[in-house]
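Shown next, in structure tokens, is the structure this report addresses.
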Amino acid sequence: MKALICGAGIAGLALAWHLERDGWDVELVERAPALRTGGYMIDFYGAGYEVTERMGLATRLRELRHPVRELDYVDRDGRRTSRFVLPPGFSRVVSLPRGDLARTLADDVVAPVRHGATIETIRQDAHQVEVTLTDGTHRTVDLLVGADGVHSRVRELVFGPEERYLRHLGHHVAACVLTDPELSAQIGPRYRMLTVPGLMAGAYALSEDRLALLFLHREPDPALPADPAAALRRHYGDLGWILPETLPRLPADLYYDQVTQVRIGSWSRGRVVLLGDSCQAVSLFAGHGASMAVAAAWVLADELAAGDLPTALTRYEERMRPTIDEVQAFGRRFIEWMAPSSRRRIAARDWLLRLAALPGVNRLFLTSLTPGGHELITSRADRLTARKQGRTA
């Protein structure tokens, strides 16, 4: 069986890992000229982390993790307004840049990746899918997977324009990494965030000299600005803290996009199936997208190994959709916590955070911020162990 996976991000690479170990002939095609190494910091845990344990990759992820010891909020002048110190023992929550997770998966996948190209046309019948790539080459495969993100080309060609499926959550997000030893030392091993009504700017020290920045601002118009860096300077230019030092130095590869969820009636059509953010985007507010992508790849591969293709695609959606619905709903509820719209809501959040720091309450607080997906990885659990043993024998 041949599979073409459009998108060599977390979802696509995770699926390639499973399929090639199940005997599929797999190829990936990726629009970017090389592996995407950017992106913002993520907390990787839950069902996705459980899958990486079974894949034998969790040890590597723990080596790459950046310790998070506390969560701090500051006001427009950089004065701390609330603080939450994480309790010890959260070893199954790995904080790392999104690109480090992608690199870990890529290093363990042998399937070829054709960079700098994407899908141009798709034709399918009951037996195969014929694909033309933008570089003029052609593929005939048994399965085409659209794992190419929120703005999926595969989804557009098979299901229609993205406007039908994107749910804009009223915010834009930006992220980048700067090299600055002094600021990195100042921030230290914590998430530190400035919040004023409608604006959030966060920072985290990645190493002795690198600093990860995240910007989130309320914006009802989903259209992206022509100059994202200039837009950020306009929104945040009158604020203090570390922003006067960092805003003039925003890099050319700044990540910038609308904050959105994807809602689509069906995740597959014929021999074409969607995976990851192309059909399951939960948004930055839910903070569980990477875990859901890895878990969904496991579920899809699990079903493909169990039966015929049409049934497998149906069962994959039946298993994953309830969890995605739950996590998306969590993300919509979390907006006013992560990006409060008023001073009153900021004060309420700070009060709750101080309450959560009390002994015995801290773990309950963290559990309440963990969305669903805990029961996804329950069937055929020994298959991954057998794969791993076969690989290392």
Side-chain angles (χ1 to χ4, degrees), residues 1-20 24-39 102 105-106 109-166 224 255 257-258 260-281 289 292-294 296-297 300-301 304 309-310 312-314 316-317 320:
M1 297 282 281
K2 293 184 178 181
L4 179 64
I5 301 173
C6 183
I10 290 171
L13 290 168
L15 181 64
W17 191 99
H18 295 291
L19 291 186
E20 65 187 19
W24 285 68
D25 181 358
V26 182
E27 183 182 7
L28 298 101
V29 58
E30 168 58 50
R31 184 193 304 270
L35 179 72
R36 297 178 187 270
T37 58
L105 293 167
V109 168
V110 299
V113 181
R114 180 174 290 270
H115 286 284
T118 187
I119 307 295
E120 181 69 33
T121 64
I122 299 170
R123 294 180 59 189
Q124 66 169 317
D125 57 29
H127 307 288
Q128 61 186 17
V129 187
E130 296 180 0
V131 176
T132 302
L133 304 183
T134 51
D135 62 7
T137 60
H138 302 272
R139 302 289 187 275
T140 299
V141 296
D142 300 287
L143 178 67
L144 172 63
V145 181
D148 46 345
V150 169
H151 306 293
S152 170
R153 174 63 173 167
V154 173
R155 188 188 62 221
E156 178 186 24
L157 290 172
V158 177
F159 297 88
E162 69 175 33
E163 291 78 12
R164 299 179 186 176
Y165 311 115
L166 298 192
L224 303 182
Y255 167 82
D257 204 351
Q258 58 175 290
T260 190
Q261 294 180 341
V262 173
R263 296 290 299 172
I264 186 169
S266 176
W267 295 353
S268 64
R269 184 166 295 174
R271 290 177 171 269
V272 179
V273 65
L274 302 177
L275 177 70
D277 281 352
S278 65
C279 64
Q280 302 158 2
M292 290 294 95
V294 174
L300 177 54
L304 288 169
L309 192 143
L313 301 188
T314 299
Y316 149 68
E317 183 173 343
M320 280 300 305

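Computed from a predicted model, the values in this text were never measured in an experiment. Below, all heavy atoms of this structure are taken into account, side chains as well, without hydrogens, waters or symmetry copies. We're numbering straight along the sequence, starting at 1.
- Within the 4.5 Å cutoff, side-chain heavy atoms of Arg139 are placed close to those of Leu133.
- Here the side chains of Thr140 and Val129 are not in contact, with every heavy-atom distance at 4.5 Å or above.
- For Glu27 and Lys2, the salt-bridge test fails: no basic side-chain N is under 4.0 Å from an acidic carboxylate O.
- Note that the CD atom of Glu130 and the CG atom of Leu4 stand 13.0 Å from one another [nearest 0.5 Å].
- Between the Gln258 side chain and the Thr260 main chain, no donor and acceptor come within less than 3.5 Å of each other.
- No hydrogens or angles considered: nothing links the side chains of His151 and Asp277 as a donor-acceptor pair under 3.5 Å.
- Within the model, atoms CG of Leu274 and CZ of Phe159 stand 4.5 Å from one another, a figure rounded to the nearest 0.5 Å.
- With hydrogens and angles ignored, the 3.5 Å screen pairs no side-chain donor or acceptor of Asp25 with any backbone N or O of Met1.
- The closest side-chain heavy-atom distance from Leu144 to Val158 is not below 4.5 Å.
- For residues 112-126, the set of pairs meeting the side-chain hydrogen bond (donor to acceptor under 3.5 Å, both in side chains) definition, not counting sequence neighbours, comprises Arg114-Asp135, Thr121-Thr132.
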Derivation and outcome, side chain to side chain contact (heavy atoms under 4.5 Å, CB included), residues Ile119 and Thr134: CA-CA 6 Å; Ile119 307 295; Thr134 51; over 6 Å; no

Walk me through whether Val29 and Val113 qualify under side chain to side chain contact (heavy atoms under 4.5 Å, CB included). CA-CA 6 Å; Val29 58; Val113 181; over 6 Å; no

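- Here the straight-line distance linking atom CH2 of Trp267 with atom CG of Leu300 works out to 10.5 Å at 0.5 Å rounding.
- Ala11 and Ala297 make their closest contact through O-CB, 4.0 Å (heavy atoms, listed as atom of the first residue, atom of the second, distance).
- Heavy-atom minimum distance, Leu28 versus Ala16: CD1-CB, 3.9 Å.
- Tyr316 meets the side-chain hydrogen bond (donor to acceptor under 3.5 Å, both in side chains) test with Gln280; sequence neighbours excluded.
- Using a 4.5 Å heavy-atom cutoff, the side chains of Glu317 and Ser266 are in contact.
- Without hydrogens or angle criteria, Glu156 side chain to Pro161 main chain gives no donor-acceptor distance under 3.5 Å.
- Distance check, rounded to the nearest 0.5 Å: CD1 of Ile10 to CE of Met292 gives 12.5 Å.
- Here the shortest heavy-atom pairing between Leu309 and Gly270 reads CD2-O, 4.2 Å.
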Show your reasoning for whether side chain to side chain contact (heavy atoms under 4.5 Å, CB included) applies to Glu20 and Val109. CA-CA 8 Å; Glu20 65 187 19; Val109 168; 3.8 Å; yes

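- Summarising the geometry, atom SG belonging to Cys6 is positioned 8.0 Å from atom CD1 belonging to Ile122; distances are rounded to the nearest 0.5 Å.
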Assess the residue pair Leu304 and Leu143 against the criterion (side chain to side chain contact (heavy atoms under 4.5 Å, CB included)); give the C-alpha distance rounded to whole Å, side-chain angles, the decisive distance to 0.1 Å, and a yes or no. CA-CA 10 Å; Leu304 288 169; Leu143 178 67; 3.8 Å; yes

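- Taking 4.5 Å as the limit, some side-chain heavy atom of Leu35 sits within range of a side-chain heavy atom of Leu13.
- Ser278 contributes a side-chain N or O that, together with a main-chain N or O of Gly146, makes up a donor-acceptor pair within less than 3.5 Å.
- Across every non-hydrogen atom of Ala3 and Val141, the tightest pair is C-CG1, 4.3 Å.
- At least one side-chain heavy atom of Tyr165 sits less than 4.5 Å from a side-chain heavy atom of Arg155.
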